[in-house]
Colleague: 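I'd like to ask you about the structure that follows.
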Number of protein chains: 2
Amino acid sequence: MDYSLLSRIPLFRGIPVAEIEHIFENAPSFEKMYKKGAVLAEQDEACNRLIILLSGKVRAEMTDPSGKVVKVEDILAPNPLAILFLFGTNSRFPVQATADEDSTALVIPKSSVLGILGKNEVLLKNYLDISADFASRLSQKLYFMSFRTIRQKISMFLLELSRNQASSTVQLGRTKSSLAEYFGVSRPSLERELSNMQHDGWIAIDKKEIAILKKESLVQLVRFGVVK
Amino acid sequence: MDYSLLSRIPLFRGIPVAEIEHIFENAPSFEKMYKKGAVLAEQDEACNRLIILLSGKVRAEMTDPSGKVVKVEDILAPNPLAILFLFGTNSRFPVQATADEDSTALVIPKSSVLGILGKNEVLLKNYLDISADFASRLSQKLYFMSFRTIRQKISMFLLELSRNQASSTVQLGRTKSSLAEYFGVSRPSLERELSNMQHDGWIAIDKKEIAILKKESLVQLVRFGVVK
DNA sequence: CCAAAAGTGTAACATTTGATACATTTGCGA
DNA sequence: TCGCAAATGTATCAAATGTTACACTTTTGG
């Protein structure tokens with residue numbers, strides 16, 4: 001078992017490898033291999049163990065009641081799965097995790113995790129920080145979803161991207177399709193609104209690169225819901 | 001300082017009063033009084049302390065960039081404020097907390113919290129459970145917001161209310177105005193859709209009481225997006 | 001018990017968005 | 001580098017939702 005792998009993930013940041021080894025010395029945990037296509041965790045299965053992906057790639061899919069896949073997230077090694085859902089009064093995996101390629105994972109029973117966290121304050125702080133960051137991202141996405149119109153969402157998104165950045169040109173960094181999905185709107189609607197904003201002279205679109213031409217208009221729209 | 005108060009909040013559930021006293025023995029923390037109208041925490045202020053409301057009532061308000069109050073939540077004693085935002089890489093209070101009446105609070109510096117959590121495994125588990133539950137609720141609301149039409153949201157909401165309940169009649173338990181706000185839709189639109197569903201024979205509305213008449217239709221709508 | 005405030009029900013009309021379709025273009029793996 | 005799958009850009013039409021307005025009812029606080 002190569003604990004130096006673990007030292008590279010945020011959960012173990014700031015903890016020397018020797019210390020990590022010591023932490024796991026008396027904590028029941030085991031390594032497990034998964035062939036491509038194997039299921040690491042079923043959706044809605046009781047979440048009674050922490051799974052840390054050591055090598056390979058895992059696909060997390062949320063299936064809605066009709067059986068249609070709603071959301072996909074890729075998890076690359078080395079990284080933990082569903083860290084925030086390990087606890088809670090009715091903790092279940094929110095997604096199905098499937099190996100996208102041959103993978104190995106470190107599996108730690110929930111009871112061990114509690115003991116481990118209590119033993120190392122840095123590890124505890126990391127765990128709490130990761131949980132809080134996750135919750136913050138959820139909160140932000142909710143705030144995001146609360147905007148009424150697509151133009152408002154686009155404006156907010158572009159302003160966020162351009163924050164802490166000298167240039168007024170931003171890189172989307174993802175496909176417009178995936179952006180539409182993130183916004184919860186249809187792809188043609190997103191394209192149309194982007195076109196409209198370009199026609200209005202607010203932005204200039206070049207592939208996945210967008211130049212913000214009238215930042216003031218974007219700001220006003222986000223702040224007041226209308227412009228002028 | 002009356003630690004028996006603390007034993008009544010979820011964070012200290014399952015911990016004897018004597019043990020709570022012991023926990024706080026060597027942890028820096030202090031009690032503070034707030035007059036009605038006093039501010040316990042500013043929005044976006046660094047979140048470097050855990051505030052546990054011991055008596056009184058606090059109003060949590062989120063202000064959007066234009067200065068308009070977006071959301072209000074009431075916190076009654078005894079309960080902690082913003083427990084999930086204490087940690088995280090850039091932890092700040094997400095709301096402004098103002099005393100709605102004369103209140104007292106126990107204030108614990110962030111560094112003490114870490115030490116306390118490491119010392120008592122039950123407390124640690126409570127903290128993690130509370131965090132996870134909060135995140136789950138956020139997730140669920142996000143799932144909720146992802147429904148396209150108002151009718152789908154209403155259906156999902158009514159099915160959730162009627163779950164684990166013999167009767168097919170549910171009590172809204174809140175005003176329709178606040179429900180519209182929760183859904184992120186305009187009040188007239190919600191009213192109209194409720195009317196439509198009643199005209200279609202799916203539900204029967206009597207004030208804040210709604211009878212589910214065609215549960216199958218609601219289920220189908222939520223599952224497949226369409227009925228028949 | 002009264003008056004003011006909050007909540008309700010509904011209608012007409014304007015806007016926004018979704019669904020669908022199709023022609024290109026781009027990017028990636030064999 | 002070829003070919004195919006994914007992504008893009010755009011148009012048309014239908015459906016859902018927002019906005020505004022107003023009359024009425026219920027709740028609340030003094």
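What you see below is based on every heavy atom in this structure, not just the backbone, and it leaves out hydrogens, waters and symmetry mates. Note on naming: letters A, B, ... go to the chains in the order of the sequence lines (proteins, then strands), and numbering restarts at 1 for each one.
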Colleague: Nearest to the side chain of T149(B) - dA16(D), dT10(C), dA7(D)?
Modeller: dA16(D)
Colleague: Could you tell me whether S186(B) contacts a base, only the sugar-phosphate backbone, or nothing, with contacts defined as non-hydrogen atoms closer than 4.0 Å?
Modeller: base
Colleague: Describe the nucleic acid contact of R148(A) in one word from base, sugar-phosphate, nothing, applying a heavy-atom distance below 4.0 Å.
Modeller: sugar-phosphate
Colleague: Quick one: do R151(B) and D200(B) make a salt bridge, cutoff under 4.0 Å?
Modeller: yes
Colleague: Does a side-chain N or O of K208(B) approach OP1 or OP2 of dT8(C) to a distance below 4.0 Å, or not?
Modeller: yes
Colleague: Does a side-chain N or O from T175(B) land closer than 4.0 Å to OP1 or OP2 of dA6(C), or not?
Modeller: no
Colleague: Do R59(A) and D100(A) meet the salt-bridge criterion of a basic N to acidic O distance under 4.0 Å?
Modeller: yes
Colleague: Take the protein atom CZ of R187(A) and the nucleotide atom C1' of dT24(C), then report the distance between them rounded to whole Å.
Modeller: 12 Å
Colleague: Considering only side-chain heavy atoms of E193(A), which listed nucleotide, dT17(C), dT8(C), dT19(D), is closest?
Modeller: dT17(C)
Colleague: Please state how far atom CD in Q198(A) lies from atom C1' in dT10(D), giving the value in whole angstrom units.
Modeller: 13 Å
Colleague: Given that K176(A) and G184(B) both sit by DNA chain D, which one's nearest nucleotide is further toward the 5' end?
Modeller: K176(A)
Colleague: Classify the ring geometry of F24(A) against Y3(A): parallel below 30°, tilted from 30° to 60°, perpendicular beyond 60°.
Modeller: parallel
Colleague: Whole angstroms only, please: what is the CG-C1' distance between L194(A) and dA11(D)?
Modeller: 16 Å
Colleague: Starting from P on dA7(D), measure out to CD on E181(A) and report it in whole angstrom.
Modeller: 10 Å
Colleague: Would you say the side-chain atoms of Q198(B) pair up with the backbone N or O of I205(B), donor to acceptor, closer than 3.5 Å?
Modeller: yes
Colleague: F183(A) CZ to dT17(C) C1': how many Å, rounded?
Modeller: 15 Å
Colleague: Between the side chain of S91(A) and the main-chain N/O of C47(A), is any donor-acceptor distance below 3.5 Å?
Modeller: yes
Colleague: If you go through the side-chain atoms of R174(B), does one of them form a donor-acceptor pair with the base of dG7(C) closer than 3.5 Å?
Modeller: no
Colleague: Expressed as a whole number of angstroms, how long is the span from F147(B):CZ to dT17(D):P?
Modeller: 13 Å
Colleague: Output the rounded distance in Å from CZ (R151(A)) to P (dG18(D)).
Modeller: 18 Å
Colleague: Whether the side chain of R192(A) and the base of dG18(C) hold a donor-acceptor pair under 3.5 Å is what I'd like checked.
Modeller: yes
Colleague: For a quick check of understanding: with a heavy-atom distance under 4.0 Å over all strands, which category does S189(B) fall into, base, sugar-phosphate or nothing?
Modeller: base
Colleague: What is the nucleic acid contact for I150(B), judged by heavy atoms within less than 4.0 Å: base, sugar-phosphate only, or nothing?
Modeller: sugar-phosphate
Colleague: At under 4.0 Å, does any side-chain N or O of S195(B) touch on OP1 or OP2 of dG9(C)?
Modeller: no
Colleague: Taking only side-chain N and O atoms of K207(A), does any of them lie within less than 4.0 angstrom of OP1 or OP2 on dT8(D)?
Modeller: no
Colleague: Set out, in order, the CA-CA distance, both residues' side-chain angles and the distance that settles side chain to side chain donor-acceptor pair (under 3.5 Å) for R192(A) and S189(A), then state yes or no.
Modeller: CA-CA 5 Å; R192(A) 172 175 44 208; S189(A) 295; 3.2 Å; yes
Colleague: Give the rounded distance in Å between these two atoms: CD of E191(A) and P of dT17(C).
Modeller: 15 Å
